[in-house]
Asks: 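Sending over a structure as structure tokens; questions will come in a sec.
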Amino acid sequence: MSNASGPGRPAASEGTEASSFDTRKHTPVQRLQHFLHGNPAAVPMIVVVVSVVVFAATIGPKFYSAFTLTLILQQVAITGIVSAGQTLIILTAGIDLSVGSIMVLSSVVMGQFAMHYGVPGFVAVIAGLAAGGLCGLINGLLVSLVKLPPFIVTLGTWSIFGAITFIYSGNETVRSQDIDQTAPILHFFGNSFRIGHAVFTYGVILMVALSALLWFALNKTAWGRHVYAVGDDKNAAMLAGIRTGRVLVSVYVVTGLICGLAGWALIGRIGSVSPQAGQLENINAITAVVIGGTSLFGGRGSILGTLFGALIVGVFSLGLRLLGTDPQWTQLTVGALIIIAVATDQWIRKVSA
Amino acid sequence: MSNASGPGRPAASEGTEASSFDTRKHTPVQRLQHFLHGNPAAVPMIVVVVSVVVFAATIGPKFYSAFTLTLILQQVAITGIVSAGQTLIILTAGIDLSVGSIMVLSSVVMGQFAMHYGVPGFVAVIAGLAAGGLCGLINGLLVSLVKLPPFIVTLGTWSIFGAITFIYSGNETVRSQDIDQTAPILHFFGNSFRIGHAVFTYGVILMVALSALLWFALNKTAWGRHVYAVGDDKNAAMLAGIRTGRVLVSVYVVTGLICGLAGWALIGRIGSVSPQAGQLENINAITAVVIGGTSLFGGRGSILGTLFGALIVGVFSLGLRLLGTDPQWTQLTVGALIIIAVATDQWIRKVSA
Amino acid sequence: MDSEGFGMNTTTQPILSARALTKNYGRVTALDNTDFDLYPGEVLAVIGDNGAGKSTLIKAISGAVVPDSGEIRLNGQPVQFVSPMQARDAGIETVYQTLALSPALSIADNMFLGREIRRKGVLGKLFRMLDRQAMEKFAREKLSDLGLLTIQNIGQAVETLSGGQRQGVAVARAAAFAAKVIIMDEPTAALGVKESGRVLDLIRDVKARGLPIVLISHNMPHVFEVADRIHIHRLGRRIAVVDPKTISPSDAVAIMTGAKAPPEEGLAA
Amino acid sequence: MDSEGFGMNTTTQPILSARALTKNYGRVTALDNTDFDLYPGEVLAVIGDNGAGKSTLIKAISGAVVPDSGEIRLNGQPVQFVSPMQARDAGIETVYQTLALSPALSIADNMFLGREIRRKGVLGKLFRMLDRQAMEKFAREKLSDLGLLTIQNIGQAVETLSGGQRQGVAVARAAAFAAKVIIMDEPTAALGVKESGRVLDLIRDVKARGLPIVLISHNMPHVFEVADRIHIHRLGRRIAVVDPKTISPSDAVAIMTGAKAPPEEGLAA
Amino acid sequence: KDVSACLITKTDTNPYFVTMKKGAEQTAKKLGVDLKTYAGKYDGDNQTQVDDIETCIADGVNGILITASDTKAIVPAVEKARKAGILVVALDTTLQPTNAADVTFATDNFEAGKLIGEWAKKRLGNKKAHIAFLDLAVSQPSVGVQRDQGFMQGFGIDIKDKNKWGDETDPRIVGHDVTGGAEDGGRKAMENLLQKDPSTNLVYAINEPAAAGAYQALKAVGLQDQATIVAIDGGCPGVKNVQEGIIGATSQQYPLLMASKGIEAVKTYVETGKKPQNSPGLDFVNTGVNLVTDHPVKGVKSIDTKEGLKRCWG
Ligand SMILES: Nc1ncnc2c1ncn2[C@@H]1O[C@H](COP(=O)(O)OP(=O)(O)OP(=O)(O)O)[C@@H](O)[C@H]1O
Ligand SMILES: Nc1ncnc2c1ncn2[C@@H]1O[C@H](COP(=O)(O)OP(=O)(O)OP(=O)(O)O)[C@@H](O)[C@H]1O
Ligand SMILES: [Mg+2]
Ligand SMILES: [Mg+2]
């Protein structure tokens, strides 16, 4: 009666004869593939480890030092945070092209409130986060109430939020020194602590904590199950009694808030508030999610995969820079990397299906 | 026995009783909706006409002149050509983020061949078109053989082709005057003729002719039917005996060639060969296709819709400029326009289903 | 038809009834002023040609589509469901023709979709953490109670199950949670002979527990095996209600396809 | 089983046969070293539980999946189809369980998918222009020849048809173009009583034209109504071939579900 | 002792920065300096430049040469590098504040704009000006703003807020449009503004590629003789265009010079600990701007195109 080893075997294998189907020997390779199939974040994790090892062997201690490795973490923190939000959206079979615009808009709101409206720093932060949440709400309502394709909605709001940022800020960059004097809380995520040579900014902690929190929410709460269900088959989820509209709106709002957090962390990272920042953050985030093994068709993927996906890009960017590669060649390599990562993932899934 | 007016009515309406289902009166509004539903390109066409009328009424003769209206055609020609290719891809349920890169790469190849390899102009053109086709072939093989999602493939090749363009050209701009001396054929599509005050460049003619040709191919040839079938339901198309792989590859190659043509037309429009041009052409093209009413899920849409979609963006951009709107506000308006256009389209389809 | 006579000529009151339901999809009339009645404890079969509007009827009753007009009553009280959630909360469980399962989620997750059990204490209250163990235990019990399947791993994804096993999960979910009514849309369409038999057994089990059941099916032998009354649907409306003990399957089919006029006393059965 | 005996103990040669076909999907064995034989002019029914591998078997025969191992012969000649196109070109037409229609295309377009008629002359040769008129005329003829449907507008999109009408288009397509063999996978699963009857009539028509037919169905009455021989599939392989005239439906089901051992002379029927 | 340095440019697609990179590489080779090059992904991409600076710190270089995309926003990262003992050399554009960098080899972009503004004013004489502004991007990166506002000041337009364009009310302004600093954007922007005012007779272009695009638009309607185009950069294709009368005048900058001086400064600093002297009266080393034109006007110093071609880049 054991069909534990053949989960795909349907009703017919329930009888005693089923055993005859399960006696095929599994080679170690097959077992590895099976493991990889069961753990979607495993492939990107392995790629991270392998690439660190390869770069360390090639470049030596300059790369393989606590300082450099934690530097990579700092460099991917913003993208890591934004792509955590992007993962939620893509899990619902959506896509959000406006994440970068929301992030910058939030940071600009924080800067303007703190510098020009004379409110305390934490009020400015709350205003910025609220702006992010509001942008997410607009996206979410257009997607769930007006039922427009997310690609279109966020293609539109990408322009709109971007334009609002420029108009609202008057293209003004707020200087780091001024922030330090008026509202140092805006720099919170830029502060760091050291453990030996390793340097961790609070932005890095935020990225890791946020990923852990979302992992918990996605896997251990009803909301998380609903997010997967909506992305998997929206109509089935609706018929099964899930309020799909609410789930969608909540996902876009949460992502908006996460982008707001990213905007706050961005101020910490670059010091100043610049309306010009983050113009490619949407592409970076989608790249991280995709390399992390989340399906653009929704319902399949993991937040940890995304974290490793962002790290892969970070490791490659820094590694190639330290190797002295030309920026154009780095761009070429990252392009090839995206394709190779997804092809590998696909191959593993196929063989271990 | 007439169920002509109720195509959605299934088997049960075959009998004589069916008539009882068809006696509902149809108001003029309903009839209009039905017409719009049957003609997917009608909505964007109407939007073009209405917006021209509104702008003409607001701005006056500065806008509503043969010269200005043909100027809009010139301005949208490049995007119109590229989005004709993009339409093909989106009809197969794909998306091509690399179209802009392919276009620029092709134009750079033409420039380099003509200026540095001393080959005759038409050979340079052929080399450029071949480069475009080759890029399309690479995309097509990755999509159809390796079976990677088109979004990922072209996200990767977007970077790759872009990097190759810069590496290959060494960022060198070829000046218009030098082209005129060495290979004037590269400027072919920049030439124009007048009819009264209306000015038509050959680039505009190319856009219109290409759209007409693709309209014919999509609607009047087996290949076109296969493109729709593959986008509609790839598996069904395969089982019905269509070589879906070949169809997909052919679509990507044709789109590559069209991007090559766009690269040629680009030289005519801007005079010089510049590796920096066309960086947002992929977004422009997707926008035009989407506003033109083609579904991102494949199988539904039309090349004429895309043509009107490109025109809508062109009309709005120029109209808003003439109204004296700031560039920022133009960006905001175009973003809103995308959302409104698609929402309208959706609404019409829903009510007239 | 008599859109007023909610009491009809039966002594008991219907548990679930509808009057004059209409639903148009654009120019297609899926429901055309139709009535519906389900009495306590009975198995009501709904039969009709392809496209007659059977699925739309039960979707309207279960909140999955909102009718354009008409009235629905549960235990005599007018109700208006605008989402499947509301019908479910009112005790009506439905097995849809399309099953409504999420392929990538586990069997237990699917059984509890939208009514998950949370952990006791702060983990559940504050962190809203799921009680996986309790859910899996319950799911396993329900599945084996019904004797429907012998699934080893209740945590495996539904997409790894065969069509029959999936149907089993959907049926078990409805049977486990239904408080008032179970509706099944073609629960045996994709099933083999053995699997179909099990679903019919389940229907008898549920009936024995006192719950009324609505069964939509094209399979006349199945219908005549379990139904107490048969609602015949044609061109978007109920044209007759017949008693399977007094009508032959071929006559029922003849009425359904329009080859034969519905009996005079059709609606009184 | 006898993977060598291609001649078997019948005097006529099978028109289509397979030996030792195996197909694995990852860890699932869909076909397990199975055989298959179809003789000229016969209606062969294939029955089996859900997931027994029936659809996979006919997909292997029709080029829609490539078996991992095994041999297929058409008229005694080994063939290897790697795409449905090739099987079609060899005269084998298939109605898939999923119908394989393109919803957005018209009925005529669907019927000619992959074998469109081109215009005469330069328009067709050079511009490869379709001859819509000829295609629509042919499609209308075929559909009414078969008496299957009364569709007014042959240019309407398949998505506007009901399930039964769609099935009709798929069946008509296969019947119109088949030169050697027609395979039908559950052609009546989603159909009402009347529509099912028409498909069974069509099967008899086609048989009368001398073409052999493979019919996969869960519906025993249908199977016993039209089949000349019944291939019983279980756990990925053919376990018996029985004669519907000498076996009762319940015995066939018992063999199929494993409740009864296959007859000794099972394969000789 | 081994000397190593980083060069971080705004982008590596604009020929201006490509030239700068080439210049730096040549000098580095000559002086035996180990040089790695980095770049942002678009004009205004501050984030990547921050990443690049950090990488250079991790790499343990002696000096960083940077053309900052956002001259204010980059400052904290620069401070970090200086704290790590690295000599930071700002090239092309001064940081805000200028002394955030150890050394600056720059052209004053505002000054460059002012030169063409003054030239245009004199060149136009008494004719009523209709000026079209072809700017860089909607996001108004600082280089674009400085050039634009410099031009206005040189021309005698009240610039209001010096830190943004578009707030001016002078009736001579036809309008602003953005070009992305490339030919296709230049052509479209010119067409749009010509439509707004067909009597446009003066065109300010952010750089020479945009100017080339604008010329195509003017030529297409036969207005190339009505309108004078001025630009900034001084690349060889641009100077040739001045020579042929396509562009009236351009402010030439010297990226090669900046780059080689930057490398030299790093080398000297490592060997002797000395930093170069600032230009008199300035808080940076001015590598100079020259107005290149074949139509000199009184009171504005300029060089002709022959001289310009000798000193051009790219
Ligand atoms: N979402 C929809 N949009 C448009 N038309 C629809 C929709 N759902 C159902 N219809 C149409 O409404 C009519 C009734 O469909 P319904 O599914 O209720 O039939 P049914 O009796 O359940 O048929 P079957 O036996 O095939 O399941 C059909 O003509 C169908 O095409
Ligand atoms: N593309 C596929 N990928 C993975 N597994 C598959 C695939 N196609 C079929 N299978 C599996 O192969 C087995 C046989 O499937 P098949 O569809 O041939 O069964 P069937 O006899 O036609 O069943 P049914 O009566 O439900 O149509 C099943 O376990 C099924 O899950
Ligand atoms: Mg139904
Ligand atoms: Mg099957």
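Convention: sequence-line order gives letters A, B, ...; per-chain numbering from 1. These numbers come from the heavy atoms of this one structure, side chains and all, not from hydrogens, waters or symmetry mates.
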Asks: With only heavy atoms counted, which part of B:Arg300 is less than 4.5 Å from chain D, the side chain, the backbone, both or neither?
Replies: side chain

Asks: For chain B, find which of D:Ser106, D:Gly114, D:Ala87, D:Ser83 contributes the most heavy-atom pairs closer than 4.5 angstrom.
Replies: D:Gly114

Asks: Any sub-3.5 Å donor-acceptor pair from B:Asp232's side-chain atoms to D:Ala104's backbone N or O?
Replies: yes

Asks: Side chains of D:Asp185 and D:Ser55: any donor to acceptor distance under 3.5 Å?
Replies: yes

Asks: Kindly check if the number of other-residue, nucleotide or ligand heavy atoms within 6.0 Å of CZ (B:Arg246) is above 12?
Replies: no

Asks: Could you list the residues that satisfy ring-ring contact (aromatic ring centres under 6.0 Å, His included) with B:Phe188, not counting sequence neighbours?
Replies: B:Tyr202

Asks: Taking 4.5 Å as the heavy-atom cut-off, does anything in residues 57-67 of chain D contact chain B, and if so which residues?
Replies: D:Ala64

Asks: Could you tell me which portion of D:Leu113 (side chain, backbone, both or neither) has an atom closer than 4.5 angstrom to a non-hydrogen atom of chain B?
Replies: both

Asks: Please flag which part of D:Arg118 lies under 4.5 Å from any non-hydrogen atom of chain B: side chain, backbone, both or neither.
Replies: neither

Asks: For the side chain of B:Ser295 and the backbone of B:Phe297, is there at least one donor-acceptor N/O pair under 3.5 Å apart?
Replies: yes

Asks: Using only atom types and a distance under 3.5 Å, with no angle test, would you say the side chain of D:Lys54 pairs donor to acceptor with the backbone of D:Gly48?
Replies: yes

Asks: Is the backbone N or O of D:Pro103 less than 3.5 Å from a side-chain atom of D:Arg166, with the two atoms forming a donor-acceptor pair by type?
Replies: no

Asks: Ignoring hydrogens and geometry, is there a side-chain-to-backbone donor-acceptor pair from B:Gln86 to B:Asp96 under 3.5 Å?
Replies: yes

Asks: Without hydrogens or angle criteria, can the side chains of B:Thr87 and B:Thr306 be said to hold a donor-acceptor pair below 3.5 Å?
Replies: yes

Asks: Flag the one option from B:Tyr228, B:Trp223, B:Phe216 with the top tally of heavy-atom pairs under 4.5 Å to chain D.
Replies: B:Phe216

Asks: Between B:Asn219 and chain D, which part of the residue has a heavy atom less than 4.5 Å away: side chain, backbone, both or neither?
Replies: backbone

